[in-house]
Amino acid sequence: MTHNSDISSLLHALPNQPGVYQFYDRNGVIIYIGKAKNLKKRVSSYFSRKKFESYKIKVLVDRIADFKYIVVDSESDALLLENNLIKKHQPRYNILLKDDKTFPWICVKSEPFPRVFSTRTVINDGSKYYGPYTSAYTVKVLLNLIRQLYQLRTCKYSLTEENIQGGKFKVCLEYHIGNCKGPCVGLQSNEEYERSIKQIRDIIKGNLNEVVSFLKSEMKIRAAVFRFEEANQLKEKIEILSRYQSKSTIVSSSIHDVEVFSIVSDKGEAFVNYLKVVKGAVIQAHTVEIRKKLDEKDLELLAFAVTDIRNSTESNSKEVIVPLDLTDYYPDLRITVPKRGDKKKLLELSLRNAKSYRLEKIKRKASKRAAGSAERILKSVQSDFRLKEMPTHIECFDNSNMQGSEPVAACVVFKNGKPVKKEYRHYNIKEVKGIDDFASMKEVVFRRYRRLLDEKQPLPQLIVIDGGKGQLSAALSSLDRLNLRGRIAIIGIAKKLEEIYFPGDSVPLYIDKSSESLKLVQNLRNEAHRFGISFHRLKRSGSMTNSSLEEVPGIGRSSIEKLFKRFKSIEGIKKASVKELSEEVGLSRARIIQEHIQEPDR
């Protein structure tokens, strides 16, 4: 492989030392940043290859027009510098971590009498930021605990000594209700306030034992000089801390101050979970997403994430528990790759967190895809059927009768292209004598939408009638009676050739059999048919009981349906106990039914 003479001369000048290199394209834009234990060997390897591990690396190398490098003292320094430069420049071919600014942090402000508050914006202003936290609730719990224990100011005044001495401020409501000690008017010294801030830092870091020990010693001192009220206040603070500590996730009392990292890797991305363990309790958990660019190996991704997280959390833990050996990257740290015991369980806990995060992301993506697919199909329906608006609410009607008996009807409801079964409705035909599909359709459509209008319920954008011109005309007459023609679109679907009929048009529309619009309408029609048939069968199974159960005072059709759904026949109902019957229709009705069906036939 050949490159220009400038690059060739630069390659000869590269040192055999650790460092960071930056590749530039012809426009002078940084396209890749990497680290190396030996700059000369690593950078030269890109330009001496005859074959590449992946096509992506070949594309990268083809675009390199220039490079620069920075020499550092060690490989760990190179890793840290690489991490910082990637975050700053975000080169096209480098892995990317999800921006932590979307997560909450706890800020201890760099100012006289520091405020402590939550924020999602990290500013390089000298303040201390603790986090990031994946749960805003965790931040809220911590801040509530701090406010219970310490009286800190919340105002934004510049509390310099000059301003306080000059009497520039007055105490506010927070002082009068006991939430602040009034440092703005000199009622609290800076030394006392800083002691509270130091303890707050320990609490946030999970070092509760030191804070509890300090409070206990102060309590004893005050009790010894008979300042019992102050001693009791300290005792209450100790109890609050103990309650908070008892709620922490305890993993092992023998593990004191460690960090745990695990990685789950997919084809295009990886997820690294971080657990902070102090005094045997998990005090912080966080998962970052890494987008791969050059098919990076898990070891490289994990090292990058460990550096980034430890850097952002200002970690000082001396031991790191990981699934892969990172000793070469962190020679000054104790790297543990556990095979058994409590540390292995900790690593497994971290791995479960990483897998759970990945699963949640997959579910969110699937949900978005499903929503997008439903919207696409509904837009197709709107276009194919010439509707004024997208039919997010569709209802379909079907009549059912068997051998000329027990005519019933069904209405099914789809919203956003999906069935909403709790809104399905069965109808007994009340006004029509004998079997008349057109009249039955007319009746149920009228009953359905008169009720929706009376109850001020939302109307569908589209009605689908299972049938041809006759059923469609019958349904239209009901819409006319309710003054709904034109307000709701309505179509009929004939079963034989799957023709779509429109009001006032004798020529049906034939839609492509593979059309998503037709498939949705067929799904509606089939669901309405299934729902109607199930009701019809239920009615037929109970039709012989009309002379018995339907004559029982206080027993309506819905109660009879419930009984036949569970017990299948009149014989099953007769064999059921009062308790079993009461589970379906209530105790009083169960007793009445049992008394009635056990009497001799009248």
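One is the number of the first residue; the rest follow in order along the sequence.
In plain terms, the two heavy atoms of K343 and E319 that are nearest each other are NZ-OE2, 2.6 Å. Nearest heavy-atom pair, Y357 versus E289, reported as atom, atom and distance to 0.1 Å: OH-OE2, 2.7 Å.
Annotation: cation-pi geometry satisfied between K68 and Y24 (NZ/CZ under 6.0 angstrom from ring centroid, within 45° of ring axis).
Atom CZ in R92 sits 15.0 Å away from atom CD1 in I30 (nearest 0.5 Å). For the atom pair F23 CZ and L60 CG, the distance stands at 6.5 Å (nearest 0.5 Å). The distance from the CG atom of N311 to the CG atom of N83 is 6.0 Å, given to the nearest 0.5 Å.
In this structure, W105 and Y129 have perpendicular ring planes: the angle between them is above 60°, well past the 30° mark. Note on ring orientation: taking the six-membered ring where Trp is involved, the planes of F261 and Y274 are tilted (angle from 30° to 60°).
No side-chain donor-acceptor contact under 3.5 Å links T154 and E174.
With hydrogens and angles ignored, the 3.5 Å screen pairs a side-chain donor or acceptor of K40 with a backbone N or O of H12. K276 places no side-chain N or O within donor-acceptor distance of the main-chain N or O of V260, the cut-off being under 3.5 Å. A donor-acceptor pair under 3.5 Å is formed between the side chain of N94 and the backbone N or O of I33. Under a 3.5 Å cut-off, the side chain of K181 and the backbone N or O of L152 do not form any donor-acceptor pair.
Every residue two or more places apart in sequence or in another chain was checked for a ring pair (Phe, Tyr, Trp, His ring centres under 6.0 Å) with Y329, and none qualifies. Every residue was checked against the side chain to side chain contact (heavy atoms under 4.5 Å, CB included) condition with D332, not counting sequence neighbours, and none meets it.
For the salt bridge (Lys or Arg N to Asp or Glu O under 4.0 Å) test with E111, the passing option among K128, R153, K156 is R153; the others fail.
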